[in-house]
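Each remark here refers to the structure printed beneath this line.
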Amino acid sequence: MLIRGGFQYYKRMRSDLGGGIPDGSAFSQALATLKRTGSNIVVVGEPDEAAHEAVCRRLLGADAPRTRLTVRTDGDVTCGWRPPGDEAGETHLVTYGDVGDEAPGTTVSSDLLGPLGQAVADEIDALTSDGESLEPAEFRVCVDALGPLFSEHDPETVFRLVHVVTARVRDVKGMGHFHLRVDPEDDHVKLLEPLFDAVVEVRSEEGQQQHRWRLLDQDIDSQWIDL
C-alpha cells in the first residue's frame, strides 16, 4: 500500500518518528504501536551526510528531552553524537575500534563483535535500569554505522550483533536506528530486514534532504518527504 498525496503532518509524530508522517489510519496506527512497544529502523540510501544527519536528529528526538545512546563504529565523528549539553536530555557514547585520541564514554577495542554487543547491552541496562522513569520511546539509540562492520566481519556475525542490540532496544520499549549507507536493495539490507520494523531511505534532491518510510510488517510505503 502506497500512501499518496494529501499529507497531513502530525506534530507529535514528526518529533517522535522522523516527521512527514502521512494521514493514513493504517500508517498512523502502526507507528503508534511501534512507539508504544519499541521499534528498530534501518536507515539506508546514498552516503549523503546531510540527509543521514537530518533524519538521525529526528529519530533521536533532538528537539525534546530524551535519554540517548550513540554507538560509533569507525572512529570518525558520527551523526548521532553531540557533546553533552548540546541538546535536550542526555547523550551517551559507545565507540568501537581504535579512535586515536581518547574518546568520551565507553570504548571497545576488541577485534570481535561480541564485546561490542555486550558493551551496548550493558549501557542500555545502565541507562534504563529505573524503568519507571522512562516512557515508551523516550530512550533512543543510534548505531552509526553498520557498513564498517560488514567490511571487517562476516555477515552472520554482524547479524548476531544487530539481533542482540535490536532485541535489547525493544525490551526497554526504546527506539533504535541503524545507519547502513547502501542501496535499499543491497544484500546486506535484505539480510537484516527481519530484525527491523521499518526501512527509511534518505537522499538529497536538488539540495533538499528527503526520506521515505517502508513499514516491513504492514506493506505500507510513504512517498518522498522533505526533511
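Starting from 1, each residue takes its place in the sequence as its number.
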Run the numbers on Val71 and Asp144 for side chain to side chain contact (heavy atoms under 4.5 Å, CB included), then give the verdict.
CA-CA 6 Å; Val71 182; Asp144 190 13; over 6 Å; no
Report the C-alpha distance between Val199 and Ile41 in whole Å, list the side-chain angles of each, state the deciding distance to 0.1 Å, and finish with yes or no for side chain to side chain contact (heavy atoms under 4.5 Å, CB included).
CA-CA 6 Å; Val199 176; Ile41 297 162; over 6 Å; no
Begin from the C-alpha positions of Arg212 and Ser222 and carry the test side chain to side chain donor-acceptor pair (under 3.5 Å) through to its verdict.
CA-CA 6 Å; Arg212 65 179 176 185; Ser222 75; over 6 Å; no
Between Asp48 and Arg181, is the salt bridge (charged side-chain N to carboxylate O under 4.0 Å, His left out) condition met? List the steps.
CA-CA 8 Å; Asp48 183 301; Arg181 293 169 175 82; over 6 Å; no
Trp224 vs Arg203, test: side chain to side chain contact (heavy atoms under 4.5 Å, CB included). Steps then yes/no.
CA-CA 9 Å; Trp224 285 105; Arg203 71 177 184 184; 3.3 Å; yes
Dump the intermediate steps for side chain to side chain contact (heavy atoms under 4.5 Å, CB included) on Phe150 and Leu191, then the final yes or no.
CA-CA 12 Å; Phe150 276 117; Leu191 170 70; 4.1 Å; yes
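When the side chains of ILVMFWY residues are joined at heavy-atom separations under 4.5 Å, either directly or via intervening members, Val164 and Leu113 end up in two distinct hydrophobic clusters. Under a hydrophobic-cluster definition in which Ile, Leu, Val, Met, Phe, Trp and Tyr are linked whenever side-chain heavy atoms come within less than 4.5 Å, directly or via other members, Leu69 and Leu134 are assigned to the same cluster.
Listed by chain and residue number, Val182, His188, Val189 satisfy the side-chain contact (heavy atoms from CB on, under 4.5 Å) test with Asp186 (two or more places apart in sequence, or in another chain). Partners of Glu206 by side-chain contact (heavy atoms from CB on, under 4.5 Å), not counting sequence neighbours: none found.
Checked for salt-bridge contact, Glu193 and Arg214 meet the test: a charged N lies under 4.0 Å from a carboxylate O. Ionic pairing of Glu156 and Arg160 is present here: one or more N-O contacts between side-chain nitrogen and carboxylate oxygen are shorter than 4.0 angstrom. With respect to the salt-bridge test (charged N to carboxylate O, under 4.0 angstrom), the residues Glu138 and Arg68 do not qualify. Ion pair Asp171/Arg168 flagged as a salt bridge, since at least one NZ, NE, NH1 or NH2 atom sits closer than 4.0 Å to an Asp/Glu carboxylate oxygen.
Of all the heavy atoms in Ala51 and Val202, the pair that sits closest is CB-CB, 3.9 Å. Residues His92 and Leu127 approach most closely at NE2-CD2, 3.3 Å, considering heavy atoms. The two atoms that bring Ala198 and Leu215 nearest to each other are CB-CD2, 3.8 Å, heavy atoms only. Closest heavy-atom contact between Glu46 and Ser204: OE2-N, 3.6 Å. Summarising the geometry of Leu60 relative to Cys142, their closest heavy-atom pair is CD2-CB, 4.0 Å, with the distance given to 0.1 Å.
Under 3.5 Å, the side chains of Gln209 and His211 contain no donor-acceptor pair of N or O atoms.
Interatomic distance, SG of Cys56 versus CG of Leu227, reported as 11.5 Å (0.5 Å rounding). Residue Gln29 holds its CD atom at 12.0 Å from CG of Leu34, rounded to the nearest 0.5 Å. The distance from the CD1 atom of Ile225 to the CD atom of Gln208 is 12.0 Å, given to the nearest 0.5 Å. Here the CZ-CZ distance, from Arg58 to Arg140, works out to 12.5 Å after rounding to the nearest 0.5 Å. Annotation: the span from Met175 atom CE to Arg170 atom CZ amounts to 12.0 Å, rounded to 0.5 Å. We find the OG1-OH distance between Thr106 and Tyr96 to be 15.0 Å, quoted to the nearest 0.5 Å.
Side-chain contact check for Val55 versus Val200: some heavy-atom pair is nearer than 4.5 Å. Taking the side chain as every heavy atom from C-beta outward, Val158 and Asp154 never approach each other to under 4.5 Å. Proximity of Leu161 to Leu149: side-chain heavy atoms (C-beta onward) are separated by under 4.5 Å at one or more points. In this structure the side chain of Trp213 never reaches within 4.5 angstrom of the side chain of Asp221, judged on heavy atoms. Side-chain contact check for Val108 versus Val94: some heavy-atom pair is nearer than 4.5 Å. Here the side chains of Thr73 and Leu146 are not in contact, with every heavy-atom distance at 4.5 Å or above. Counting heavy atoms from C-beta on, the side chains of Val44 and Asp183 never come closer than 4.5 Å. A heavy-atom distance below 4.5 Å is found between the side chains of Thr166 and Phe196.
In this structure, the side chain of Ser39 does not engage the main chain of Lys35 through any donor-acceptor pair within 3.5 Å.
Sorted by first and then second residue, the ring-ring contact (aromatic ring centres under 6.0 Å, His included) pairs with a member in residues 50-69 read His52-His179; sequence neighbours excluded.
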